[in-house]
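In what follows, chains are A, B, ... by sequence order, proteins preceding strands, each numbered from 1.
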Amino acid sequence: MAEYSSMELRIIVAARELRDHESVLVGVGEPNLAANLAKKLQAPNLNMVYESGAIGSNPYRMPLSIGDPCLVTGAKSICSMYEQFAYYLQGGKIDVGFLGGAQIDKFGNINSTVIGAYNSPKVRLPGSGGACDIASNVKKIIIITPHEARRFVEKVDFRTSPGFVDGKAAWRHLKLQGGGPYAVVTDLCTMKFDEETGEMTLVSLHPGVKVEDVQKNTPWKLKVAAKVEQTPAPTEKEIATLRGIDPGKIYLR
Amino acid sequence: MAEYSSMELRIIVAARELRDHESVLVGVGEPNLAANLAKKLQAPNLNMVYESGAIGSNPYRMPLSIGDPCLVTGAKSICSMYEQFAYYLQGGKIDVGFLGGAQIDKFGNINSTVIGAYNSPKVRLPGSGGACDIASNVKKIIIITPHEARRFVEKVDFRTSPGFVDGKAAWRHLKLQGGGPYAVVTDLCTMKFDEETGEMTLVSLHPGVKVEDVQKNTPWKLKVAAKVEQTPAPTEKEIATLRGIDPGKIYLR
Amino acid sequence: MDSVKTMSMKEAVSKYVKDGDLAYLAGFTHMIPFAAGHEIIRQKKRNLVLARATPDIIYDQMIAAGCAKKLIFSYAGNPGVGSLRCFRRATERPKPKEGQPAPTDWKPLEIEEYTHFGLSGRLFAGATNMPFLPMRSNIGSDLPANNPAIKTVKDPFTGDDVSVVPPLRPDVAVVHVQRADRNGNAHIWGITGEQKDAAFAAKKVILSAEEIVDESVIRSDPNRTLIPDFVVHAVVHEPWCAHPSYVQGYYDRDNEFYMQWDEVTKEHETTMKYMDEWVFGVEDRAEYMKKIPREKLDRLKFKPAVCTPVDFGTM
Amino acid sequence: MDSVKTMSMKEAVSKYVKDGDLAYLAGFTHMIPFAAGHEIIRQKKRNLVLARATPDIIYDQMIAAGCAKKLIFSYAGNPGVGSLRCFRRATERPKPKEGQPAPTDWKPLEIEEYTHFGLSGRLFAGATNMPFLPMRSNIGSDLPANNPAIKTVKDPFTGDDVSVVPPLRPDVAVVHVQRADRNGNAHIWGITGEQKDAAFAAKKVILSAEEIVDESVIRSDPNRTLIPDFVVHAVVHEPWCAHPSYVQGYYDRDNEFYMQWDEVTKEHETTMKYMDEWVFGVEDRAEYMKKIPREKLDRLKFKPAVCTPVDFGTM
């Protein structure tokens with residue numbers, strides 16, 4: 001069986017969630033690698049859109065930031081910051097967005113603002129950036145994150161980006177055009193969200209992981225699907241393709 | 001004394017109202033000629049903006065329409081239609097706009113929509129275009145028009161573009177950012193607007209014209225300034241410069 | 001890689017324009033898609049709601065040909081010439097004939113009317129999916145009283161009444177551009193009008209181009225790409241699509257035609273005679289162009305004025 | 001014709017940046033005006049309200065140097081690297097020292113926080129003088145509860161609650177571009193961020209350029225001119241203004257610096273040591289650039305990737 005790191009696992013499993021011809025709002029790091037991997041495998045017509053206004057980039061190297069010049073040279077189109085959010089995101093043209101955060105709770109709400117109180121924080125995080133806008137407007141949110149107990153909390157200290165709030169009823173009341181969180185991909189498992197309640201639910205265990213391992217790293221009583229799948233192990237092809245995308249190991253560990 | 005047509009007179013008198021470094025929203029025909037004349041005389045740094053999104057044009061011929069390709073080649077900048085109205089006009093960047101219309105009334109309201117009832121018009125006119133937006137947002141509106149009794153009416157059939165409505169009190173209530181109508185330049189005279197009431201007031205008679213001539217072509221009792229000026233006759237230089245701008249007599253008659 | 005989107009104008013109109021659609025044929029004087037309008041007339045589309053800030057000759061033709069049920073607009077004129085006579089016949093109260101009673105069966109074209117800012121704003125709001133667009137205009141005009149779609153809301157910051165218009169989402173937009181690749185990534189220059197907004201606002205987009213170029217030409221200047229492929233449904237290679245209007249850098253406006261139109265449309269009958277010859281009498285744009293003398297087309301061609309290029313840099 | 005607007009960065013900052021101003025130094029990763037930020041620090045401007053969607057290293061420096069009273073932002077990070085330590089020190093509750101009581105005199109930097117869409121929307125609304133901007137975001141977040149400037153209004157078309165933000169009108173904006181003429185007509189390509197919106201929204205505009213070119217270069221491609229001269233107050237010829245950030249087609253980001261900044265700012269003292277050497281220790285950008293080894297600058301240069309030009313046509 002092939003060897004792979006837990007980051008490689010997360011990226012490969014997340015990439016499998018993308019479909020051909022979808023439009024993806026891509027961030028740097030793991031989301032960028034996942035989108036590029038999907039494009040090289042099952043989704044050659046994936047349309048990659050960057051928050052910085054670059055559309056359909058064709059980068060000559062690994063981007064160092066979301067606004068890297070390599071995302072511009074040879075791209076299909078470029079627009080301003082407001083235009084990117086207005087025409088593409090609010091315009092409902094984006095199918096999938098990737099998010100991460102310091103805290104994720106059981107309804108898929110994400111905190112990237114503060115740990116502690118807003119006005120006297122213990123840790124001041126960078127803030128929403130486009131995260132709240134993405135969470136509110138894309139059809140599917142995929143959250144990629146290491147599965148650590150400090151990241152998974154029953155209720156986030158600050159709701160930067162709405163998941164299903166405190167349940168689907170509250171979320172429906174917001175009338176967001178987005179579809180809300182779709183999947184949480186960690187190095188242990190994939191979780192999706194209960195149709196009725198919007199609660200995070202374990203649906204697939206990665207190779208060699210048991211339900212107890214997941215529960216141990218999740219500080220609330222995690223809901224488990226009636227039938228939990230086994231995530232197919234990363235294939236040689238997936239691993240080789242992924243490593244080919246970041247040969248200098250700028251992000252891959 | 002130099003010979004000139006009544007159209008030439010209107011254009012020359014209107015051109016004198018423009019100041020150097022002002023930004024002017026220019027339409028084709030008389031406004032275009034007036035702005036270009038001012039630029040060649042007292043206002044070399046006049047900034048000409050066209051409704052079509054062309055900024056600082058340097059036309060190689062007389063434009064046939066407001067969207068003529070000669071307004072683009074060699075211009076300083078171009079933007080989209082919404083951007084032109086949003087960034088420039090609503091953005092408060094335009095000092096002067098020229099308007100005309102089928103009917104103008106005593107408070108400077110303009111009708112370019114219908115003669116008769118809106119739903120069953122006797123004559124259907126083209127509509128506002130940008131006129132209402134210009135009237136609402138530029139610092140000074142200059143109206144250029146032949147002085148005909150059918151154009152000057154006590155109250156317009158349809159208020160396409162607001163002047164001082166039915167007096168300055170009503171106009172102030174609208175809180176428009178524009179300064180409202182500033183001058184009406186006809187082939188007989190120049191009229192401005194009473195500071196207090198907003199009523200159109202005769203302030204300057206063109207060469208050889210008497211107050212009675214103006215009143216005869218104005219169907220309400222026209223207000224006359226305490227001291228009516230004499231409009232200086234068009235100079236040889238003004239006439240020659242103007243004719244040099246439209247040598248093919250595409251507009252000039 | 002051949003694109004599944006490339007097709008003829010005939011196919012594109014047949015596939016994407018349905019009776020009853022709200023259609024937006026874009027263009028502010030520049031790049032008006034006349035060829036698409038003619039195809040819509042030939043295919044006898046009916047009950048269309050035609051929208052455009054500046055309905056000009058092509059909309060006058062579609063109105064005369066009976067394609068339109070309603071017009072959404074802000075300035076209905078023949079640009080630089082005068083009025084649109086077919087539009088006027090369809091909206092003005094008919095004068096009673098000498099010695100006859102006034103006609104009682106008059107059914108005018110429905111209209112919905114805005115200012116330029118209001119209509120281009122509605123399209124911008126549609127393109128960007130704004131719930132509604134606040135704007136500093138309308139409130140001093142009689143337009144809102146005659147158009148229930150123009151409303152006011154209270155500005156929560158100042159308490160003032162602010163005029164707002166709703167987003168416009170056409171069923172189909174037709175946009176003509178200078179050059180595009182086979183997937184519909186489009187470079188536009190000159191007056192950019194509402195082409196981008198129409199393409200983003202509409203549910204279906206027919207994009208026609210003077211030239212179909214390799215993707216590498218588009219990708220050499222992404223800032224020039226106002227419309228990206230994934231909002232486009234049909235890509236039509238249609239040279240001279242915009243005649244008698246113009247295409248910056250390609251051909252000038254045929255001003256003679258604009259002036260003749262005023263004559264042609266003096267009566268409905270003379271208008272339909274034009275239509276029989278120039279629209280129904282030809283198969284497509286290529287045939288239409290064959291009817292125009294070569295010398296005239298040569299006169300409409302520009303001399304080059306090429307821009308100073310820019311360098312995007314690579315590693 | 002020499003323009004009265006051309007001046008040095010020192011003059012421009014001295015003339016147009018006042019203590020207490022709301023200042024917007026524009027740029028989304030691209031063309032960040034570092035040289036202007038350094039000049040503001042050197043001139044010891046105080047009580048500034050710094051606004052930018054993406055305050056990055058230059059704002060971290062201005063905060064550390066004591067120029068800022070308040071930050072208006074949406075994402076405060078070191079792009080691609082991590083957090084901004086000076087910003088964090090200015091906002092996080094101080095940890096009590098071992099065996100000591102918690103400090104009681106803590107006065108954090110004031111903040112006003114939005115999403116990217118909210119802040120870029122505020123600037124767009126400022127640039128276009130919208131009374132307020134309705135937007136489809138915010139309402140599911142805890143941000144509005146912590147920022148009274150984010151309000152809701154009822155959509156008059158649907159009755160739904162819609163989030164709105166007010167326009168942002170900076171006292172002064174600083175924008176760096178690739179090329180401009182002496183009057184400030186500016187060509188921008190690559191990531192266009194909020195440069196145009198900042199220039200239109202601000203009361204005063206300092207525009208710096210890698211190259212000052214003849215007006216004819218600008219006029220050869222008017223669609224590339226995102227900023228017209230008449231909104232610009234000062235024009236500064238400032239090559240390498242954006243270092244360590246990048247300028248598309250001119251020089252790459254100095255990524256080494258971005259990574260080092262994380263080390264440099266571990267303590268306030270080490271940060272100020274950097275400032276003494278690289279900001280207070282030099283007279284201007286030219287002197288700053290002399291301190292950087294030639295080989296490094298050569299490494300940052302791009303190979304050319306020139307766009308296919310377009311033809312505007314003339315008669």
Side-chain angles (χ1 to χ4, degrees), chain B residues 28-29 50-54 63-69 71-74 78-86 89-90 109 111-114 116-133 135-137 156 158-163 165 170-171 174-178, chain C residues 27-30 53-54 73-77 79-84 87-88 91-93 95 106 108 113-118 120-121 123-124 127 135-143 145-146 158 160-161 189-197 226 246-249 252-253 255 258 302 305:
Chain B
V28 282
Y50 293 83
E51 212 175 65
S52 54
L64 298 171
S65 84
I66 208 158
D68 196 282
L71 299 174
V72 168
T73 305
I78 302 285
C79 65
S80 79
M81 187 175 180
Y82 177 72
E83 287 173 325
Q84 154 60 25
F85 282 93
L89 202 51
Q90 180 170 264
N109 302 298
N111 175 14
S112 55
T113 302
V114 285
Y118 184 73
N119 289 314
S120 64
K122 213 172 120 207
V123 181
R124 175 63 228 199
L125 303 160
S128 163
C132 172
D133 312 311
S136 306
N137 287 288
V156 288
F158 188 97
R159 191 165 67 232
T160 310
S161 308
V165 193
W171 176 78
L174 297 176
K175 296 194 183 175
L176 303 176
Q177 75 167 323
Chain C
F28 190 103
T29 324
H30 184 208
T54 53
F73 74 108
S74 46
Y75 186 89
V81 177
S83 56
L84 293 174
F87 160 74
R88 287 184 58 183
T91 49
E92 289 175 1
R93 174 164 28 107
K95 288 182 195 71
W106 178 56
E113 189 169 1
Y114 298 88
T115 70
H116 268 356
F117 190 29
S120 64
L123 201 64
F124 173 76
M135 53 179 284
R136 297 188 191 273
S137 186
N138 294 332
I139 54 170
S141 168
D142 284 338
L143 278 172
N146 290 283
T158 63
D160 293 342
D161 280 340
W189 60 98
I191 288 170
T192 48
E194 2 73 315
Q195 266 87 352
K196 176 179 178 172
D197 289 338
L226 297 193
Y246 78 99
V247 174
Q248 191 81 37
D252 198 1
R253 154 161 143 158
N255 202 46
Y258 276 74
F302 293 110

(message) What part of B:Leu176 gets within 4.5 angstrom of chain C, counting heavy atoms only: side chain, backbone, both, or neither?
(response) side chain

(request) Could you check whether the rings of C:Phe117 and B:Phe85 sit parallel, tilted or perpendicular, using 30° and 60° as the cut-offs? (result) parallel

(request) Tell me, out of B:Met81, B:Gln177, B:Lys122, who's got the most heavy-atom pairs with chain C below 4.5 Å. (result) B:Met81

(message) Distance check, rounded to the nearest 0.5 Å: C:Tyr246 atom OH versus C:Ile191 atom CD1?
(response) 3.5 Å

(message) Heavy-atom cut-off 4.5 Å, strictly under: side chain, backbone, both or neither for B:Ile78 against chain C?
(response) side chain

(message) Would the distance check show the side chain of B:Thr160 and the main-chain N or O of B:Ser112 forming a donor-acceptor pair, the cut-off being under 3.5 Å?
(response) yes

(message) Which atoms of B:Lys175 are under 4.5 Å from chain C, going by heavy atoms: the side chain, the backbone, both sets, or neither?
(response) side chain

(message) Counting heavy-atom pairs closer than 4.5 Å to chain C, which one of B:Pro126, B:Ser128, B:Gly127 comes out on top?
(response) B:Pro126

(request) Heavy-atom distances under 4.5 Å only: say whether B:Ala170 touches chain C with side chain, backbone, both or neither. (result) neither

(request) Using non-hydrogen atoms and a 4.5 Å limit, figure out which bit of B:Asp68 sits close to chain C: side chain, backbone, both or neither. (result) backbone

(request) Under 4.5 Å heavy-atom distance to chain C, tell me which part of B:Tyr82 shows up: side chain, backbone, both or neither. (result) both

(message) Just so I understand: if I count every heavy-atom pair under 4.5 Å between each of C:Pro79, C:Ser83, C:Gly80, C:Gly193 and chain B, which residue has the most?
(response) C:Gly193

(request) Heavy-atom distances under 4.5 Å only: say whether B:Asn137 touches chain C with side chain, backbone, both or neither. (result) side chain

(message) Nearest 0.5 angstrom please: B:Ser80 OG to C:Phe28 CZ, how far?
(response) 11.0 Å

(message) Could you measure the distance from the CG atom of B:Asp133 to the OG atom of C:Ser120? Nearest 0.5 Å is fine.
(response) 7.5 Å

(message) Taking side chain as everything from C-beta outward and backbone as N, CA, C, O, which of these in B:Val165 sits under 4.5 Å from a heavy atom of chain C? Side chain, backbone, both or neither.
(response) neither

(message) Checking B:Ser136 against B:Gln90: is there a side-chain donor and acceptor pair closer than 3.5 Å?
(response) no

